[in-house]
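Scroll down for the structure; my scribbles are underneath it.
Just follow the structure's listing: the first ligand is 1, and inside any ligand the first atom is 1.
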Amino acid sequence: MILIFFGAPGSGKGTQSKIIAKKLGIYHLSTGEILREAVKDKTQVGLEAKQYMDRGDLVPDEVIIRVIAEKVLKGDIKNGYILDGFPRTLAQAKSLDRMYQNASIEIDRVIYLEVQRDKLINRLSGRRVCALCGEEYHLDFKAPKEEGVCDIDQSELIQRSDDHVAEIRTRLENYKDQTEPLVKYYQDQELLVRVDAEGQIETVSKRIFEVI
Ligand code: AP5
């Protein structure tokens with residue numbers, strides 16, 4: 001099964017992809033996580049991507065397409081994964097379609113997580129991440145047991161560099177200009193399924209399961 005989780009920054013793509021991938025026993029491929037890992041490891045891709053990510057801008061299509069092409073066509077994951085955060089531009093979507101056509105792979109569903117803009121800002125500015133294991137928290141909705149400390153490994157919780165209000169606004173503008181046009185693209189292909197992604201995390205997961 002190949003699913004694409006689509007939506008604005010903060011709509012819950014990462015949170016829900018992890019839950020659903022675990023339940024279905026399929027892989028979770030997050031381009032944001034892959035890029036943050038590359039930045040941490042100071043690889044060539046990481047060095048190219050960092051300046052864009054810090055500002056809240058999208059990294060250039062040719063960089064991210066190269067990264068994703070290496071992952072999605074690999075034998076071990078080819079038949080079951082959730083793509084979280086890709087595609088985000090029309091060029092990326094078309095390039096993915098070409099890769100899949102050549103490999104006779106089909107997308108099963110594009111799950112579109114819908115959340116109002118003011119709630120997105122609140123979700124992103126309240127997010128905290130474990131510096132060691134990457135576990136995500138939210139100051140209001142998913143607070144750690146002890147303030148500023150990861151429940152899993154007791155490491156420090158930090159704020160992502162692009163989760164400050166100015167960078168969040170840039171990300172939301174980029175989403176509107178460059179990513180939202182994909183709603184029509186996938187609607188025209190009859191792959192898009194809208195899911196109300198407001199409410200508790202477990203409630204949203206149930207809604208996604210119903211449409212899958
Ligand atoms: P990425 O990491 O993908 O960032 P994003 O799309 O901005 O997504 P987020 O992780 O911020 O939000 P999300 O929708 O996953 O929500 P989440 O579940 O985390 O990408 C980062 C950067 O990498 C991009 O800006 C770009 O530079 C680059 N990049 C990545 N892919 C690219 C591509 N294809 N092309 C070009 N550049 C690319 O939840 C957010 C918060 O809300 C959390 O704190 C969570 O706990 C909370 N939350 C989740 N669900 C709920 C709920 N139901 N109720 C309350 N709180 C909730």
Side-chain angles (χ1 to χ4, degrees), residues 4-21 28-40 45-46 48-69 71-72 82-96 111-130 134-144 157-164 167-180 182 195-208:
I4 293 177
F5 277 32
F6 178 85
S11 56
K13 301 182 296 295
T15 304
Q16 295 299 336
S17 301
K18 279 182 199 136
I19 296 171
I20 308 286
H28 168 216
L29 275 184
S30 154
T31 42
E33 277 178 18
I34 293 167
L35 290 170
R36 278 188 290 281
E37 214 38 51
V39 169
K40 209 160 80 182
V45 166
E48 279 180 67
K50 186 176 185 317
Q51 49 180 321
Y52 298 97
M53 296 174 77
D54 282 346
R55 291 198 300 263
D57 282 331
L58 294 182
V59 309
D61 285 336
E62 61 273 18
V63 175
I64 193 73
I65 289 169
R66 220 185 319 137
V67 169
I68 213 74
K71 304 270 175 192
V72 295
I82 296 176
L83 270 182
D84 158 17
F86 187 93
R88 273 189 217 218
T89 64
L90 217 46
Q92 292 178 18
K94 288 182 177 169
S95 159
L96 188 68
I111 309 290
Y112 177 25
L113 301 176
E114 293 188 290
V115 176
Q116 280 174 33
R117 186 186 159 100
D118 58 331
K119 295 211 170 73
L120 295 171
I121 295 176
N122 185 13
R123 283 188 186 185
L124 293 170
S125 57
R127 169 168 44 197
R128 297 295 181 271
V129 185
C130 173
E135 181 70 10
E136 292 202 359
Y137 298 87
H138 190 282
L139 297 180
D140 303 322
F141 311 121
K142 195 187 161 197
L157 299 185
I158 54 167
Q159 190 168 22
R160 260 169 57 173
S161 59
D162 58 350
D163 273 348
H164 298 280
E167 286 74 19
I168 292 172
R169 289 192 198 286
T170 304
R171 287 160 67 196
L172 292 175
E173 286 312 307
N174 288 335
Y175 171 75
K176 199 163 182 298
D177 294 343
Q178 300 182 62
T179 311
E180 220 167 41
L182 294 185
V195 173
D196 172 4
E198 295 190 13
Q200 292 195 338
I201 291 171
E202 304 74 43
T203 312
V204 177
S205 304
K206 278 194 195 136
R207 290 184 195 134
I208 297 173

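Scanning all heavy atoms of the two residues, the minimum distance from E136 to V129 falls at CG-CG2, 4.3 Å.
Residue G14 has at least one nitrogen or oxygen atom sitting less than 3.5 Å from a nitrogen or oxygen atom of ligand 1, judged on distance alone. The shortest N or O to N or O distance between G12 and ligand 1 is under 3.5 Å. Considering backbone and side-chain atoms alike, G85 places an N or O below 3.5 Å from some N or O of ligand 1. Taking any N or O of E136, backbone or side chain, at least one lies under 3.5 Å from an N or O belonging to ligand 1. Checked against a 3.5 angstrom limit, the closest N/O atoms of T15 and ligand 1 fall inside it.
The option with the heavy atom closest to atom 4 (O) of ligand 1, from among K18, Q200, Q51, R160, is R160. Residue L35 holds the heavy atom nearest to atom 29 (N) of ligand 1 of all those in D57, V63, L35. Counting heavy atoms only, R88 comes closest to atom 30 (C) of ligand 1 of the residues H138, M53, E167, R88.
At a heavy-atom distance under 4.0 Å, no atom of E198 approaches ligand 1. Neither the backbone nor the side chain of Q16 has any atom closer than 4.0 Å to an atom of ligand 1 (non-hydrogen atoms only). At a heavy-atom cutoff of 4.0 Å, ligand 1 is contacted by no atom of E33, backbone or side chain. With a 4.0 Å cut-off on non-hydrogen atoms, L58 touches ligand 1 through its backbone as well as its side chain. Under 4.0 Å from ligand 1, not a single heavy atom of K142 appears. Under 4.0 angstrom from ligand 1, there are no non-hydrogen atoms of R128. Under 4.0 Å from ligand 1, not a single heavy atom of D163 appears.
Heavy-atom distances between G199 and ligand 1 reach below 4.0 Å in at least one pair. Within the 4.0 Å heavy-atom cutoff, A8 counts among the residues contacting ligand 1. By the 4.0 Å heavy-atom criterion, Y137 is counted among the residues contacting ligand 1.
Although no hydrogens or angles enter the test, the distance criterion places a donor-acceptor pair under 3.5 Å between the side chain of E198 and the main chain of Q116. Between the side chain of R207 and the main chain of V195, no donor-acceptor pair closer than 3.5 Å is present.
For atom 37 (N) of ligand 1, the nearest protein heavy atom (residue, atom name, distance) is V59 N, 3.1 Å. Counting protein heavy atoms only, atom 42 (O) of ligand 1 is closest to R123 CB, 3.4 Å.
No more than 12 heavy-atom neighbours from other residues, nucleotides or ligands sit within 6.0 angstrom of CZ on R169.
Near L124, with a cut-off below 4.0 Å to any heavy atom, the atoms of ligand 1 are 11 (O).
When the salt bridge (charged side-chain N to carboxylate O under 4.0 Å, His left out) test is applied to D61, no partner is found at least two apart in sequence or on another chain.
Between L29 and F86 the shortest side-chain heavy-atom distance does not fall below 4.5 Å. Two residues are said to be in side-chain contact when any heavy atoms from C-beta on lie closer than 4.5 Å; N122 and D140 meet this criterion.
Counting only residues at least two apart or on different chains, the salt bridge (charged side-chain N to carboxylate O under 4.0 Å, His left out) pairs with a member in residues 9-18 are K18-E33.
To the nearest 0.5 angstrom, L120 atom CG is 8.5 Å from Y175 atom OH.
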